[in-house]
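I have placed the structure first, in the form of structure tokens, so that the comments after it can refer back to it.
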Amino acid sequence: MKTRVLLFLMIFASLDLSAQLMLGSARSEINFREGPGLQFKVAFTINHSNLLVILPREAKNDFIEVFDIESSSYGYVAKNLIVVTDTLYFQQQQIFTATGETRTGEIEMELVNQTSKTLFTWINGNSYRLDPFEKKVLILDVEEIIYFSSAPGLYPVFGKESVARGKTYRWNFSI
């Protein structure tokens, strides 16, 4: 029993809690900006009923990166104006399909949007937008992929997955 508790504590202590998605909402009506600061353009205003996914990154200029589920928009809001309501932990998933091998030994990921909706995807700290039926190929440099993705009217998909160097993968998005 002591061994299990110690193992649990070792695993828990090694988790990077900043690498988790958080859900939140605005304390009141706030500006949704194109960048992290007051000098960036206001894209639109959101109210307290909008559900926000807070992306796992450090705040910049006291602004955090968020994804507004209602509008399916990505942007920045002032950190002190957000109330965190829940934490969503990245769980190990298997949604990437191995499709072959690379000649260079890199990790190649093909993102395929098979929907008529614009798709927002966040992978290992980088944001991507895929237009309807668009394909995009990424070259990745780490073997653990942490991801989040959503489209208008859809609940986000998120998780983590291990991939191997020298392999190609495909992530098909469909409804």
Does F44 reach the side chain of D68, with side-chain heavy atoms less than 4.5 Å apart?
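Yes. Closest side-chain heavy atoms under 4.5 Å.
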Side chains of N31 and V77, heavy atoms from C-beta outward: is any pair under 4.5 Å?
no
From [X] [atom1] over to [Y] [atom2], what is the distance, rounded to the nearest 0.5 angstrom?
X	Y	atom1	atom2	result
T104	E106	OG1	CD	3.5 Å
N124	S127	CG	OG	11.5 Å
I123	L138	CD1	CG	5.5 Å
S25	L52	OG	CG	7.0 Å
L130	K136	CG	NZ	5.0 Å
I95	K160	CD1	NZ	14.0 Å

Please check: side-chain N/O of [X] versus main-chain N/O of [Y], any donor-acceptor pairing under 3.5 Å?
X	Y	value
E65	P56	no
R33	L38	yes
D131	T118	no
N61	G37	no
E161	F96	yes

Is there a continuous path of hydrophobic side-chain contacts, each under 4.5 Å between heavy atoms, that joins [X] to [Y]?
X	Y	result
V83	I54	no
V112	M109	no
F173	V163	yes
L88	V157	no
I69	Y76	yes

Show your working on side-chain contact (heavy atoms from CB on, under 4.5 Å) between L21 and T87 and close with a plain yes or no.
CA-CA 6 Å; L21 292 174; T87 301; over 6 Å; no
Apply side-chain contact (heavy atoms from CB on, under 4.5 Å) to residues I107 and D141 and explain how you reach the verdict.
CA-CA 7 Å; I107 302 166; D141 59 357; over 6 Å; no
For the ring pair (Phe, Tyr, Trp, His ring centres under 6.0 Å) test, which of F67, F120, Y128, W122 pairs with Y74?
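Going through the options one by one, the only one that passes is F120.
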Search all heavy atoms of [X] against all heavy atoms of [Y] and return the closest pair with its distance.
X	Y	result
L119	S150	CD1-O, 3.5 Å
A59	K79	CB-CD, 4.1 Å
A151	K117	CB-CB, 4.1 Å

Atom CD of residue position Q94 - does it have more than 12 heavy atoms of other residues, nucleotides or ligands inside 6.0 Å?
no
Exceeds 12 heavy-atom contacts within 6.0 angstrom, atom CG of D62:
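Check fails, neighbour count at 12 or below.
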Determine the sole option in N50, T45, V66, V42 for which the side chain to side chain contact (heavy atoms under 4.5 Å, CB included) test with F32 is passed.
V66
Going by side-chain hydrogen bond (donor to acceptor under 3.5 Å, both in side chains), name the pairs with one or both residues in residues 165-175, residues two or more places apart or in two chains.
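Sorted pair list: T99-T168, E110-R170, E143-R165.
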